[in-house]
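The basis for the numbers below is simple: all heavy atoms, side chains too, and nothing from hydrogens, waters or symmetry mates. Just so you know, these numbers come straight off a predicted model, no measurement behind them. Chain letters run A, B, ... following the sequence lines, proteins first, then strands; residues in each count from 1.
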2 protein chains.
Amino acid sequence: MGDTKTLADKVFSEITTSIVRGELKPGERISEQNLVERYGGSRAPMRQAIQRLEARHLVVRVPHAGARVVSLTLSELADIYEVRVELEGMACRLAAQRMTDEEIADLQALLRKHEEMIEAEQGLSYYQKAGDLDFHYRLIRGSKNQRLHQMLCGELYHLVRMYRYQTSTGAKRPLQALKEHQRIVEAIAARDAELAELLMRRHIQASLTNLERLMAEEEGRK
Amino acid sequence: MGDTKTLADKVFSEITTSIVRGELKPGERISEQNLVERYGGSRAPMRQAIQRLEARHLVVRVPHAGARVVSLTLSELADIYEVRVELEGMACRLAAQRMTDEEIADLQALLRKHEEMIEAEQGLSYYQKAGDLDFHYRLIRGSKNQRLHQMLCGELYHLVRMYRYQTSTGAKRPLQALKEHQRIVEAIAARDAELAELLMRRHIQASLTNLERLMAEEEGRK
DNA sequence: TGTTTTTAGATTGTATACAATCTTAGTCTA
DNA sequence: TAGACTAAGATTGTATACAATCTAAAAACA
């Protein structure tokens with residue numbers, strides 16, 4: 001049985017992480033020839049990789065003109081966060097209804113680990129990145145809705161992560177973020193779906209409000 | 001200035017409509033050679049077209065094994081409707097806040113036209129299809145959120161339409177559907193965002209409930 | 001007869017070559 | 001000097017050829 005990754009697959013995931021980490025910057029050109037020189041092989045698989053990147057909205061292509069790393073305006077980023085508030089609130093509500101007791105216990109254990117790390121003042125920056133993501137991903141999986149999971153984790157989160165570094169979006173204090181996470185899990189453990197949804201919406205809304213403030217400043221500067 | 005469509009683009013849209021109309025059935029195989037014989041050209045653009053179909057979740061590909069028209073289980077379709085209820089409810093809420101008075105007037109005019117058509121008992125089946133879609137699309141555009149528009153119209157609706165024919169999903173009586181549409185527009189005209197959202201959710205929820213009933217029947221038959 | 005192995009065919013993945021289109025630098029003109 | 005035009009270069013779109021992999025039908029074996 002062949003689960004051999006094709007070359008196009010490898011290049012695709014390489015570039016994906018490069019973009020999300022900011023090594024390739026928004027607006028930067030990506031040419032097929034360029035990729036051939038960097039990753040080896042021929043143009044055909046590079047072309048496929050670029051198309052897959054386009055499918056995930058990580059690059060924008062115009063016919064005969066080539067591809068560039070996606071470059072979002074504040075307004076477009078706000079649109080994304082608006083959708084994220086809605087979908088992740090929904091995920092949280094469903095998680096409160098559908099997660100097993102065991103899964104909830106795991107989530108609580110995860111937060112205790114985060115708490116220890118913060119108290120020990122180790123990995124402060126870690127919690128902002130991988131830890132925070134891990135929490136959100138688990139919750140979304142807990143919704144038991146595959147399509148929802150795919151839309152959030154497969155489409156929106158790449159873009160969210162990509163811009164998290166550049167704007168101050170989501171740059172919450174680790175301690176405050178942890179407290180909010182704990183409240184959310186409490187609501188889920190109590191099977192209070194409405195409250196869980198509300199708390200998650202607020203948790204994300206802060207970033208959106210921040211974005212809207214930035215947009216207002218930018219508008220005022222003109 | 002070149003807005004010349006590439007061959008891959010043409011083939012992509014041809015196949016898209018074929019799938020949505022049901023001319024290509026779920027699970028049916030799509031080979032590159034097959035497309036070459038049907039549309040002309042070489043394998044390269046056919047390959048691209050298939051990749052774009054995969055990006056829209058209209059076909060499923062496995063490496064080295066080829067592509068098939070997507071085939072959803074009832075459970076997967078229910079997941080889609082669950083997300084649709086949420087997103088289109090959101091769109092309706094935003095539309096109530098953001099549509100201009102002129103756009104609302106246009107929407108009202110559209111419904112009056114639908115009413116006349118139904119009273120004249122012309123195009124009953126038309127209203128179920130194009131008319132219903134037109135209404136929903138306009139509302140979604142009214143949310144003024146591009147990302148939301150793209151997720152609903154560009155991703156979910158293809159699959160919804162594809163299965164609308166086959167299951168009895170969304171096979172509402174035209175008159176009842178029209179009445180519900182009218183209530184929704186009334187709420188929007190009154191700028192009552194909460195009510196507009198609630199009404200839209202109910203409007204779609206009926207199809208989801210129907211799906212869940214079918215799933216229960218299927219489960220009981222085992 | 002049922003199962004496994006083998007082998008031939010078909011299909012996809014990749015490489016390379018050519019044609020169509022766009023981009024950019026340079027030239028010309030007002 | 002600013003702007004429009006032109007031509008060379010680079011880049012993408014398409015076609016074809018070959019290699020790697022999968023599929024399925026036939027043969028071998030228990």
Side-chain angles (χ1 to χ4, degrees), chain A residues 1-19 23-73 154, chain B residues 1-19 23-71 154:
Chain A
M1 295 262 287
D3 58 348
T4 51
K5 304 281 180 194
T6 116
L7 177 55
D9 278 328
K10 288 184 207 163
V11 174
F12 165 71
S13 43
E14 288 268 350
I15 302 179
T16 296
T17 61
S18 283
I19 293 179
E23 292 156 21
L24 286 172
K25 283 170 190 173
E28 196 167 334
R29 185 108 192 263
I30 297 182
S31 86
E32 297 173 6
Q33 187 57 37
N34 205 318
L35 296 182
V36 168
E37 287 158 15
R38 193 143 140 193
Y39 297 101
S42 78
R43 267 183 57 210
M46 305 302 134
R47 200 175 169 67
Q48 270 186 270
I50 291 178
Q51 259 197 285
R52 295 192 49 185
L53 289 166
E54 188 191 18
R56 292 213 174 178
H57 307 289
L58 287 173
V59 310
V60 175
R61 286 193 352 154
V62 296
H64 300 104
R68 293 178 178 280
V69 176
V70 66
S71 178
L72 297 175
T73 64
Chain B
M1 294 261 287
D3 58 349
T4 51
K5 306 282 180 192
T6 91
L7 178 54
D9 278 328
K10 287 184 205 162
V11 173
F12 164 71
S13 45
E14 288 269 350
I15 301 179
T16 296
T17 63
S18 284
I19 292 178
E23 292 157 21
L24 286 171
K25 284 171 189 172
E28 196 167 333
R29 184 104 194 263
I30 297 182
S31 86
E32 297 173 7
Q33 188 56 38
N34 204 321
L35 296 182
V36 168
E37 286 158 16
R38 194 145 139 191
Y39 297 101
S42 79
R43 267 183 58 212
M46 305 301 134
R47 200 175 169 66
Q48 270 187 271
I50 290 178
Q51 258 197 288
R52 294 192 49 185
L53 289 166
E54 189 192 17
R56 292 213 173 178
H57 308 288
L58 287 174
V59 310
V60 175
R61 284 191 355 151
V62 295
H64 300 105
R68 292 177 177 284
V69 177
V70 67
S71 179

Qualifying residues under salt bridge (Lys or Arg N to Asp or Glu O under 4.0 Å), relative to A:Arg38, sequence neighbours excluded
none
Not counting sequence neighbours, which residues clear side-chain contact (heavy atoms from CB on, under 4.5 Å) with A:Ala8? List them please.
A:Thr6, A:Pro45, A:Gln48
Residue closer to the 5' end of DNA chain D, B:Leu7 versus B:Val62 (nearest nucleotide)
B:Leu7
Please state whether the phosphate of C:dT14, meaning OP1 or OP2, lies under 4.0 angstrom from any side-chain nitrogen or oxygen of A:Thr6.
yes
The bend of the helix from C:dT1-D:dA30 to C:dA30-D:dT1, taken between the axes of its five terminal pairs at each end and rounded to 10°, is 20°
What integer distance in Å separates B:Arg61:CZ from D:dT21:P?
16 Å
Distance in angstrom units between B:His64 NE2 and D:dT21 C1', rounded:
5 Å
Residue list, salt bridge (Lys or Arg N to Asp or Glu O under 4.0 Å) with B:Glu23, at least two apart or on another chain:
B:Arg21
Euclidean distance, atom CG of residue A:Leu35 to atom P of C:dA15 [Å, nearest integer]
13 Å
List for me each residue that meets side-chain contact (heavy atoms from CB on, under 4.5 Å) alongside B:Glu14, sequence neighbours excluded, and say none if there are none.
B:Tyr39
Return the set of residues passing side-chain contact (heavy atoms from CB on, under 4.5 Å) with A:Arg52 (not counting sequence neighbours), or none when no residue passes.
A:Asp9, A:Phe12, B:Gln51
Round to a whole Å and report the spacing from CD of A:Glu32 to C1' of C:dA17.
15 Å
5′-ward residue of the pair A:Ala8/A:Arg29 relative to DNA chain C:
A:Ala8
Pull out every protein N or O sitting under 3.5 Å from an N or O of nucleotides 5-9 of chain C, one pair per line with the distance.
none

Could you work out, with side chain to side chain donor-acceptor pair (under 3.5 Å) as the rule, every residue matching B:Arg56, not counting sequence neighbours?
B:His158
For A:Arg43, enumerate each residue passing the salt bridge (Lys or Arg N to Asp or Glu O under 4.0 Å) test, keeping only those at least two apart in sequence or located in another chain.
A:Glu32
Across all chains, not counting sequence neighbours, the side-chain contact (heavy atoms from CB on, under 4.5 Å) partners of B:Ser71 are B:Pro26, B:Tyr163
Over how many whole Å does the gap from A:Gln33 atom CD to D:dG13 atom C1' extend?
15 Å
Where along residues 37-59 of chain A does a heavy atom fall under 4.0 Å from DNA chain D?
A:Arg43, A:Arg47
Separation of A:Lys25 NZ from A:Arg68 CZ (nearest 0.5 Å):
15.5 Å
Indicate yes or no: at least one non-hydrogen side-chain atom of B:Ile15 is less than 4.5 angstrom from one of B:Leu35.
yes
If the condition is salt bridge (Lys or Arg N to Asp or Glu O under 4.0 Å), which residues does B:Arg61 pass it with, not counting sequence neighbours?
B:Glu54
